[in-house]
Amino acid sequence: MNPIIAGLVTIVVGVGGCVGYFYLSNLLLDKVIFPARGENISRNINRANAVRPWLFMFPAIFALGLYLVYPVIGSFWRSLYNRAGNEFIGFGNYQALFTSGDFQVAFFNNLLWVLVVPAASTFLGLVIAQLTDRLSWGNIAKSLIFMPMAISFVGASLIWKFVYANDPDIGLINAIRDFFGLGVIDPMLVPFWNNFFLMVILIWIQTGFAMVILSAALRGIPEETVEAAIIDGANPFQIFFRIKVPQIMGTIVVVWTTITILVLKVFDIVYTMTGGEFDTEILPSFMMDYMFRDDGIATAVAFVIMIVVLPVMIWNIVQARRELR
Amino acid sequence: MDNIAGSKSSLGWAVNITVLVIVVLWLIPTVGLFVSSFRDRDQISVSGWWQAPFAVDLTFRSRAASEPVQQDGLWIYEGNLFAEDAALAQTFGEGSGEITAFGNRGTQPAAYVAGEEVDLGDGETLLVNSDGTYRFTAAEEPRRPPTVYFEAETPPEFTLDNYRTVLTADNMDLAFINTLTVTIPATVIPILIAAFAAYSLAWMDFPGRGLLIAAVVGLLVVPLQLALVPMLRLHNAIGIGQSFLGIWLAHTAFGMPLAIYLLRNYMVGLPRDIIESAKVDGATDFQVFTKIILPLSFPALAAFAIFQFLWTWNDLLVAKVFLPSDDASKVMTVKIADDLLGSRGGDWGILATAAFVSIAVPLIVFFTMQRYLVRGLLAGSVK
Amino acid sequence: MADLVLKDVEKSYGSVKVLSNINLDIKRGELIVFVGPSGCGKSTLLRMIAGLERITGGTLTIDGQVVNDVPPAQRGIAMVFQSYALYPHMTVRDNMAFALKIAKKSKEEIDAAVGKAARILQLDPYLDRLPKALSGGQRQRVAIGRSIVRDPKVYLFDEPLSNLDAALRVATRIEIAQLKEAMPDSTMIYVTHDQVEAMTLATRIVVLAGGGIAQVGSPLELYERPQNEFVAQFIGSPSMNLLPGEIVGTGTTTTVRMKAGGTAVSNYPSQPGDEGMQVNVGVRPEDFLETEGEPIFEGKVDITEALGEVTILYYERVDGAAPVIAKLPGIHKDLRGKVVKLAADPSKVHVFHKEQSLLYRHEPHQKIAAQPH
């Protein structure tokens, strides 16, 4: 049971270390460096207060800087070098990428994912949120639909093998085809559409997330606006699309972008379902293929992903700054 | 709004039924996995999990155990197929089995209909009745008792064997512990660090605060993949290498933007008066944080904890990169993805069970904590 | 239990000056009310005294010590917030004990202080409840109790009654007045936009407007001798009527010929040579009397409101000016559409310099730019 003990020790050391850092550094600041006594008491207090935020933020800034900011720069730099990392080749890796057929397929597929998955999840989530809003058992329904959120992508892939398997005695789809006398197919081998079968899995997972957030947003709409619309003679569809949806547009956009970002990180589903075969490769899984084999290409792919996300990132920052004002 | 005059109840029914259909659609895949994990591997391969409660036609093999009787110049074996074999006797119990067809060759186990006497040639005949009784006659003394194949309605069988196999074999127990070892520190440490940072960004005044908040929001969308190669190189360079320490650090850092973002959004929504009141009461920033902010931010802390727990528990990518690939430090997702999906690709019972074992803990966490998830997220995204 | 001196206090956010030239001397045992329209900076001034906002100019002295850079906790003040600011995760007892625990007081001392405050405020039965289990009035009392427990030099109240409903507001107002009476030595500063609260509670009222002090004085001083048009119209409801005119007679009394006809005589003395000066004559609605002789104002009644004890007359607007309002005692029927002549006792007639909107010949305390309401 060595790992358990090791784990426990780490938890204690790690957590204790964090607490200790914050407590002791704070104590040091107040009692030793700028003590709140003596003739400079008020100057010391003000100075301590100026330093304190940085003290509190240091570990977070350090972690963010090392693990996220540095890699963005580091990866870009690495992507300019060849496979072994010893020869500067400029944009050679990118050139190689964009001329490679596999990459083009992955890029195109990824665009499909980025368009379809957030749209479908958000739309389904919104519809379900609205439908369950007034149901007596709405919360149970929502819990059950939300449940896939808790399931790993690997687990989800396994679950969906019981739907997609090409054996009518295992896969549900083929069982249904069999029942109607249609031939057995392997959904993973159907060109082009196999991408969508894979997307269904992620949509299945993410709809619950969209639903929960949007459901809360719907609850936050002032009841009076809906009642006013009823008195104005709007039917339920008009109320939904013309009164409710515009009021929660902000939340819809947040959900949409959150799922978009997630889509660009998920490689597990493709990795476990098809391994990227049969033209189902997407950028993250494509990158994993090159990882450890050719870091130059792998980092170049990562940077392409980064550039695809860039508009979302800028939009997010603009939004956050507007909120601050 | 249920009180509004003149609203139609038919619409209500339509909504109820639609939601029911959606919920069932959503549940089907998981239920399939759950049911399959309790089924016998032979049953899985001949009937879908949706047929699990029904009997299945399975083929079996039995061999006469009794000594032949000589009668009228013939060698005769008689008896009951179900009783000849201990395993069969257990499967079918007391006379519950019903044979539909039989045969004497493994390639055609169901060549003949039960109840009909068949001439097998060479002076041999075989009769198998549906209740399991059989009669085999031969002109010469057989060298060994005949083997009889038959197809019988097998009652549905649910077993915990798969769980036993998964949990004991293949170091799965070790993988489970490894997952816990990765998950718990990787959940607790980032919460602590992020909570302090979020408090600073929400309630302390210092130059550059707006810029830092924007930076955190920007980092929210940096793809993880970008960090993998450089950070692994760094870990190798400073001697951490592929290890638990490395993965803790990685998860801590990768969870940081979301943690700070969620917690700051929540904390900034706490009433200013309460914090000022505490300051007037003489609390230092540290005391305000520990005595006022932390207890009041519990929903957001819980929400992030759930997210981070689910994320680290379910993570495959970071684990594959930052942990060594030997068996001793594999976590469950890696184990399932690499070992079970690969080598045991055909053993559906084991696959289903492994998947269910891996999602059981997150599901429990999820269902017990989900109300905090919603409450904690709301402050962040609903305006 | 302290003297408080504000000298040339200023507050600016960047280049925007929100408060300036604040000079105020608060004596031990006074209950000072800051009153003014929303946005006048009264809460900001209170928060500067509390130390929650930085003072950008001038000095704040408490008991002879300049406290500009002293953090809130060390200033010896206690504050009751508009939203009560109770800590929602602590019981009433813990809420009241929080400051003492932070100050590391002994358990006996804390229990004694909390017990005493709870008795004064009748909170004994609720000590172990969470704030969410209390009614609005009880929460308010806990907030007050929390400040009593600290035994501060100065109590600060930031619109403490504005979240209560009307009936409770009156009851709590009386409780605060009693509390003040029970602690005659305590210094209190109270912010409100409600002039009834200001009039009933204050030892002295500080009227703030346009980023400065419009007038400081006892409630009746402000009512009887407003120093400028702003204070004149801010105190009293309905507001004082201001009618343009021109000085025609000076001396121990001042005679003004009204622009719309009629004549007003005021007990304000005036200097010879001021004849022809443009002024505004101020008369409170309740000071108007129906007259048959020479009126100060004469016009057609547009609307009447009969309240029983009084009848309020709204006159037709002339040239877009605010309608003249008169409050006549008793019930007057059928005045609508009729012409009613109004006069007033010379002691109740105020004369304001028209351009500066200051009381005639009064030394400017502060130039007031803002219009009331």
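Just so it is clear, the model here is predicted, and its values are computed rather than measured. Letters go in sequence order (proteins before strands), and every chain restarts at 1.
Most heavy-atom pairs under 4.5 Å with chain A, from the set B:A195, B:A253, B:A259: that is B:A253. Comparing A:L66, A:T260, A:V127, A:V19 by heavy-atom pairs within less than 4.5 Å of chain B, the highest count is held by A:L66. Each of B:I306, B:T284, B:L249 has some count of heavy-atom pairs under 4.5 Å with chain A, and the biggest count is that of B:L249. Counting heavy-atom pairs closer than 4.5 Å to chain A, the top-ranked of the candidates B:I191, B:L20, B:V19, B:V23 is B:V19.
The aromatic rings of B:F176 and B:W313 sit perpendicular, their planes meeting at an angle over 60°, well past the 30° parallel limit. Relative orientation of the A:F56 and A:F22 rings is perpendicular, given thresholds of 30° and 60° on the angle between their planes.
There is no contact between B:F309 and chain A, counting heavy-atom distances below 4.5 Å. At a 4.5 Å heavy-atom cutoff, the contact between B:T18 and chain A is made by side-chain atoms alone. Of the atoms belonging to A:I61, it is side-chain heavy atoms, and not backbone ones, that fall under 4.5 Å from chain B. Only the side chain of B:L310 comes within less than 4.5 Å of a heavy atom in chain A; its backbone stays farther off. In this structure, chain A has a heavy atom under 4.5 Å from the side chain of B:I260, while its backbone stays farther away. Interface remark: B:A227 contributes backbone and side-chain atoms alike to the contact with chain A (heavy atom separation under 4.5 Å). If you measure heavy-atom distances from B:A215 to chain A, you find no contacts under 4.5 Å at all. Both the backbone and the side chain of A:I145 come within contact range of chain B, with heavy atoms under 4.5 Å apart. Contact annotation for A:W160: only side-chain heavy atoms (C-beta onward) come within less than 4.5 Å of a heavy atom of chain B. Neither the backbone nor the side chain of A:L27 comes within less than 4.5 Å of any heavy atom of chain B.
Annotation: A:F146 is not in aromatic contact with A:F209 [ring centroid separation under 6.0 Å not met].
Smallest separation of non-hydrogen atoms from B:P257 and B:V216: O-CG1, 3.7 Å.
Other residues, nucleotides and ligands contribute only 12 or fewer heavy atoms inside 6.0 Å of the OH atom of A:Y70.
With a 4.5 Å cut-off on side-chain heavy atoms, B:H251 and B:W311 count as touching. Under the 4.5 Å side-chain criterion, counting only non-hydrogen atoms from C-beta, B:F206 is in contact with A:M57. Within the 4.5 Å cutoff, no side-chain heavy atoms of A:P59 are placed close to those of B:F196.
Put simply, the side chain of B:W248 gets close to the backbone of B:T181: a donor and an acceptor are under 3.5 Å apart.
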